[in-house]
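One structure below.
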Amino acid sequence: MKPLILLFKALLLWPIRLIARLLAVLEWIGRAVLGAVALGIGVAVVVALLFAWHAAPPAAPVLPSRFVLALTLDAPLTETPSLETPLPLWDDPQPIHLGTLLTTLDNAAEDPRVAAVALDFSRFPGASYAQLAELRDALGRLRQAGKPVFAFADRYDQKSYFLASVADTVTLDPEGFVLLPGLALEPTYFKAALDRVGITVHAFRAGRYKSFVEPFTRTNMSERERAAATDLMLGLWGQIRDAIAAARKRPVEAIERYHAAFDEILAAHDGDGAAAAKAQGLVDTLAPFTDWQTQVLTAAQLADRDHDFVSWQRYHAAHEAKRLLANGNGEIRVITLEGTITEMDDGNDATASSDRLVAELEAARDDDTVRAVVLRIDSPGGSAFAAEALRRAVRAVRDAGKPVIASFAGVAASGGYWVASAADAIVARPETLTGSIGVFALIPNAAPLMEKLDLTTDGVRTGPFAAPLDPRRPLPDAVRRALDASVGHTYRRFLAVVSEGRGIPQAELEPVAEGRVWLGTAAAKLGLVDRLGGLETAIALARERANAPDAEVHWPTSSLAPREVVRRLIFGSETSALAPPLAWLTAPLRPLAPLLRSLTEPTTALPPVWAHCLCVAP
């Protein structure tokens, strides 16, 4: 009888327990859904508040009647204004927008409240020499306006010292040093490693100096590329060395010896780098950071370390609030092309999407308040198709009666120059890398690897172009001929658009093209650049061409999709903070990620032709 009772209870309780579990699951699902909805509403509210905060005119900070403007350069310099947020959700300092910093320094030059400027390079991550030279010029204008400039660093590398050398007083920590190692250009060559695993790369290029393909097709630098690279490195180093010597009032030979015989100079001072730098006249004083601050305050006849230093960000906020209230004279819009040129926006900070930038150019064309456009370019190039789309958009702005001035930063080469050729005028820094008028296509071939692994393929196709880029098979001759023709056509098209835009006959253009990279000084002599100068020169020229001397300068913040805003709020500007193993080996390829991705993604079409140079601003 007892077993029957137990069986009856089990049969009776089983449905009840099942229903209870189903109810628990439904409750859990309900809570999860409600939680997700609540989270979504919360994120939406946060994003809305951020955009409202970003769009609202900021309250002007109250500044002291007299103060030292403090520039703590502890973040990378960028050409593109970043999305600022009031929430400190990650620790990394936000990139410093170069244009904003330059404007801030020029405002300070005319402000009687600014008694001096203090530069702290202790955590300086570096920038291109063209960007640093623009900052040097702005600091020079401050000094001409009677504002003394003081520089400090725990240790000076070459880039921080290049900028600091223009200061009235350069201070170094007693335990620090100054390094002037010079420049080097030493690409990593992958051909032998690829051969070892059974992968070859077919390279199609137009332009004898189009060296982008060499790391994939050679084990060392070609003599032609070596000669061009030598000219670039020696030319740029000469500009850096001469600028330091002039600023420090030292013989060029003394700077050259410090660069070439640092070991001897260091040994002469028992290894004391700070003493060696002071003895060589590279620094004026040796002092820890707090003592340096006291020295700056004393020189400025101020005393309160907590209140008499005003950060450049706070100072800029005060001027920005005033500008938003006073702007009524139209604007010079600065549109930034920064990174590898691609067609679609993939959310990568290292790429410049033609889709996004064409929309920005069209908005400037149709906006009646925009009097002229300054196209700021810091790009080694990219997709030739995307570059042509941008060039047409630039032409459309000009056709609407609005001048377009191209302003080159550290590098504006290949596809970057393709776009700039349509501008009314091109302004470049002497330190800019530009030119590289040439194109290429790269096709991987893994047929030897397939053979090593005893892998075979078989099947049918209707013709050689049915699967033209199948890396498992050798490249068919018909596809090779088609690629040769495509690359040749794109190169001729490149020459034609530059010839048309710059007014240079093709016969005169061809010798300076061929994919060769030039410094800004050489490019100006060759007619590839109209004026040498920085953003200030380009903006002045835009105002002149637009007959709008009082037009305000405006850098629109890049528009981001809501999901991209949320991603950056959660993860920062990079999708992952984890560096891959052997990052030093892959680092040279990171700017090429869109191109390398195009080599590995399956496609049934011929590959895009790229106008890209293997040149990163040193």
Side-chain angles (χ1 to χ4, degrees), residues 67-73 77 79 96-121 124 126-153 156 158-171 178 180 236-252 255 281-285 296 299-300 310 312 315-316 319 376 407-410 427-432 519-521 524 531-541 553 617:
F67 57 87
V68 173
L69 184 65
L71 273 70
T72 301
L73 299 177
L77 289 179
E79 298 291 341
I96 297 172
H97 178 223
L98 177 63
T100 299
L101 185 54
L102 292 171
T103 300
T104 300
L105 294 177
D106 285 339
N107 288 335
E110 302 174 358
D111 192 336
R113 296 172 299 176
V114 177
V117 177
L119 298 167
D120 178 11
F121 292 98
F124 184 54
S128 72
Y129 283 106
Q131 292 172 322
L132 296 175
E134 292 211 45
L135 281 175
R136 283 179 110 250
D137 288 350
L139 293 172
R141 293 191 290 272
L142 275 161
R143 293 183 62 189
Q144 290 174 2
K147 317 286 184 180
V149 177
F150 301 87
F152 172 86
Y156 287 104
Q158 187 164 285
K159 289 189 172 183
S160 61
Y161 186 76
F162 173 65
L163 182 51
S165 63
V166 77
D168 293 271
T169 303
V170 180
T171 301
V178 176
L180 298 178
L236 183 55
W237 165 245
Q239 292 179 6
I240 296 166
R241 177 199 61 207
D242 294 352
I244 290 173
R248 295 298 302 171
K249 296 181 173 57
R250 299 286 296 156
V252 170
I255 305 301
L282 298 183
V283 300
D284 300 295
T285 63
V296 173
V310 172
W312 75 269
Y315 182 72
H316 167 69
H319 270 269
R376 179 69 168 177
S407 171
F408 290 174
V427 178
R429 292 290 319 178
E431 304 83 6
T432 299
L519 280 174
T521 45
R531 295 192 189 181
L532 293 176
L535 261 175
E536 181 202 25
T537 304
I539 291 169
L541 185 56
V553 179

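Between I255 and D242 there is no side-chain heavy-atom pair separated by less than 4.5 Å. Using a 4.5 Å heavy-atom cutoff, the side chains of I244 and L180 are in contact. By the 4.5 Å heavy-atom criterion applied to side chains, D120 and L71 are not counted as neighbours. Contact annotation: the side chain of W312 approaches that of L69 to within less than 4.5 Å [non-hydrogen atoms, C-beta and beyond]. Counting only heavy atoms from C-beta outward, the side chains of L101 and L73 approach each other to under 4.5 Å. In this structure the side chain of T171 never reaches within 4.5 angstrom of the side chain of V283, judged on heavy atoms. For the pair F150 and D168, the minimum side-chain heavy-atom distance is 4.5 Å or more. At a threshold of 4.5 Å between non-hydrogen side-chain atoms, the residues T103 and N107 count as touching.
Evaluation of the side chain to side chain donor-acceptor pair (under 3.5 Å) rule for T521 yields Q239 as partners, not counting sequence neighbours. Every ring pair (Phe, Tyr, Trp, His ring centres under 6.0 Å) that W237 has, sequence neighbours left out, goes to H259. Qualifying side-chain contact (heavy atoms from CB on, under 4.5 Å) partners for A300, counting only residues two or more places apart in sequence or in other chains: V68, A115, A116, L302. Applying the ring pair (Phe, Tyr, Trp, His ring centres under 6.0 Å) test to Y156 and every residue at least two apart in sequence or in another chain returns Y161. The ring pair (Phe, Tyr, Trp, His ring centres under 6.0 Å) search around F121 returns F124, not counting sequence neighbours. Legend: residues meeting ring pair (Phe, Tyr, Trp, His ring centres under 6.0 Å) with Y315, ordered by chain and number and at least two apart, are F67, H319. Scanning for side chain to side chain donor-acceptor pair (under 3.5 Å) contacts around E134 gives R376, with sequence neighbours left out. In this view, A538 and V374, I405, S407, V427 satisfy the side-chain contact (heavy atoms from CB on, under 4.5 Å) rule, not counting sequence neighbours. For R141, the side chain to side chain donor-acceptor pair (under 3.5 Å) partners are D106, E536, not counting sequence neighbours. Under the salt bridge (Lys or Arg N to Asp or Glu O under 4.0 Å) criterion, D137 pairs with R429, sequence neighbours left out. Contacts of T169 classified as side chain to side chain donor-acceptor pair (under 3.5 Å), with partners at least two apart in sequence or in another chain: none. Here A540 pairs with nothing under the side-chain contact (heavy atoms from CB on, under 4.5 Å) rule; sequence neighbours left out.
Across all their heavy atoms, T104 and H316 have their closest contact at OG1-CB, 3.4 Å. For the residue pair R136 and A247, the shortest heavy atom distance occurs at NH2-CB, 3.5 Å. Between L532 and G520, the closest heavy-atom pair is CD2-O, 3.5 Å. The heavy-atom pair separating A138 from L105 by the smallest distance is CB-CD1, 3.8 Å. What you find for V170 and A164 is that their closest heavy atoms are CG2-O, 3.4 Å. Between K159 and G126, the closest heavy-atom pair is CD-CA, 4.4 Å.
Side-chain contact annotation: E431 with Q131, donor-acceptor N/O pair under 3.5 Å absent.
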